[in-house]
Amino acid sequence: MSKKNIKEVYDRQSYVHELVVIDGIMRSGKFLHVALASSLERSEMWQQYPMIDSIPLLYLTGNLSLSASVNLLRRELDMHLYYGMLGRRSNFRREDASSIWKYRDPQDYINRAESKSELDVLKMIVNKDISPIFCLSTHDVLCSSPEIFFEAYPNLRMISARRNPIDIAYSWHKKDWGNRIGKEERSLALAFVGNNGPIPWHASEWSKTYESISLPMDRIIYSIDWQIKETMKNYHNLTENNKEQVFMPSFEWVVKYPHDYLDK
């Protein structure tokens with residue numbers, strides 16, 4: 001089969017007008033931030049989608065073009081905002097952190113599920129007759145390809161979660177993230193082909209070193225160290241305007257000063 005000419009993806013004009021991204025590496029305390037951010041007025045129930053997490057990683061590794069990445073992101077967020085405003089695909093599992101039962105008013109989503117006016121809802125979103133804030137939880141955006149998100153949504157706000165790396169390493173170890181990525185059914189983290197099997201995306205630039213490390217905890221420490229350094233490098237490479245759109249609170253500070261955090 002001959003290779004087809006690659007065409008640029010047509011620019012989609014998103015109707016997600018206000019986006020808050022709560023980002024961070026795994027186990028960095030994002031749930032604390034999403035729970036607080038999605039409790040505020042106009043904010044939708046926070047959500048997390050593996051497809052959206054994958055877009056900046058696939059761009060970084062050359063598997064997606066810039067236009068494809070930006071417009072896939074816009075399409076995914078548009079669809080999820082629209083579905084959320086209809087009460088479609090809402091999570092009703094009571095034990096889940098992303099369940100509507102953890103939202104400030106679960107009845108909102110129950111009422112939406114009874115609505116029959118799909119086109120009316122879409123018109124209100126597009127025409128800005130309603131102004132929902134889309135609250136999105138992501139993994140690894142700032143330490144991979146934050147430019148995708150800023151290109152797609154120039155006015156976004158990002159909360160970049162930080163936490164004591166010792167606590168992150170301990171949490172990874174309890175979850176066995178030194179072994180599971182690409183090898184275990186419940187792991188949805190994107191993996192790539194190494195010399196000896198699957199490797200996590202963050203090890204793609206140092207795969208030989210990653211595969212030479214025998215102890216899972218050592219792989220965890222190397223991984224967290226690399227991701228933290230990449231996060232700060234990418235942050236410092238942002239434009240001054242984009243830096244002002246990123247809030248980088250530490251988990252420990254939020255726990256100690258929650259009112260200051262909410263004011264910010």
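A salt bridge links Asp11 to Arg74: at least one charged side-chain nitrogen sits closer than 4.0 Å to a carboxylate oxygen. With respect to the salt-bridge test (charged N to carboxylate O, under 4.0 angstrom), the residues Arg42 and Glu18 qualify. Arg88 and Glu118 are joined by a salt bridge, as a carboxylate oxygen and a charged side-chain nitrogen come within less than 4.0 angstrom of each other. Checked for salt-bridge contact, Lys229 and Asp225 meet the test: a charged N lies under 4.0 Å from a carboxylate O.
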Step-by-step salt bridge (charged side-chain N to carboxylate O under 4.0 Å, His left out) determination, Arg12 to Asp78
CA-CA 10 Å; Arg12 177 183 181 86; Asp78 281 353; 2.7 Å; yes

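Of the possible polar contacts, none joining the Ser117 side chain to the Asp120 backbone as a donor-acceptor pair under 3.5 Å is found. At least one donor-acceptor pair closer than 3.5 Å links the side chain of Gln245 to the backbone N or O of Leu156. A donor-acceptor contact shorter than 3.5 Å links the side chain of Asp105 to the backbone of Gln107. Checked by atom type and distance alone, the side chain of Arg94 never pairs as donor or acceptor with a backbone atom of Lys102 at under 3.5 Å. Checking side-chain atoms of Ser145 against main-chain N and O of Ile148 turns up no donor-acceptor pair under 3.5 Å. Between the Arg157 side chain and the Asn155 main chain, a donor and an acceptor come within less than 3.5 Å of each other. Between the Glu252 side chain and the Asn164 main chain, a donor and an acceptor come within less than 3.5 Å of each other.
Residues His33 and Tyr261 bring their aromatic ring centres within 6.0 Å. Residues Tyr222 and Tyr210 place their aromatic rings such that the two centres sit no closer than 6.0 Å.
With values rounded to the nearest 0.5 angstrom, Met158 atom CE is found 9.5 Å from Ile22 atom CD1. Ser137 contributes atom OG, which lies 10.5 Å from atom OH of Tyr49 (distance to the nearest 0.5 angstrom). Taking CE of Met85 as the reference point, atom CD1 of Ile130 lies at 3.5 Å (rounded to 0.5 Å).
Closest heavy-atom contact between His80 and Ile52: CD2-CD1, 4.3 Å. Of all heavy-atom pairs spanning Leu81 and Pro132, the tightest one is CD1-CG, 3.9 Å. Contact record, Gly84 with Tyr109: O-CE2, 3.6 Å, taken as the closest heavy-atom pair.
Two different hydrophobic clusters hold Met26 and Tyr170 under the rule that ILVMFWY side chains link at heavy-atom gaps under 4.5 Å. Under the 4.5 Å side-chain contact rule for hydrophobic residues, Trp206 and Leu190 share a cluster.
His173 NE2: 12 or fewer foreign heavy atoms inside a 6.0 Å radius.
For the side chain to side chain donor-acceptor pair (under 3.5 Å) test with Trp201, the passing option among Asp53, Asp140, Thr61 is Asp140; the others fail.
Ring orientation note: the planes of Phe247 and Trp253 are nearly perpendicular, at an angle over 60° on the 30°/60° scale.
Scored by the side-chain hydrogen bond (donor to acceptor under 3.5 Å, both in side chains) test, Thr138 finds Asp23 as partners (sequence neighbours excluded).
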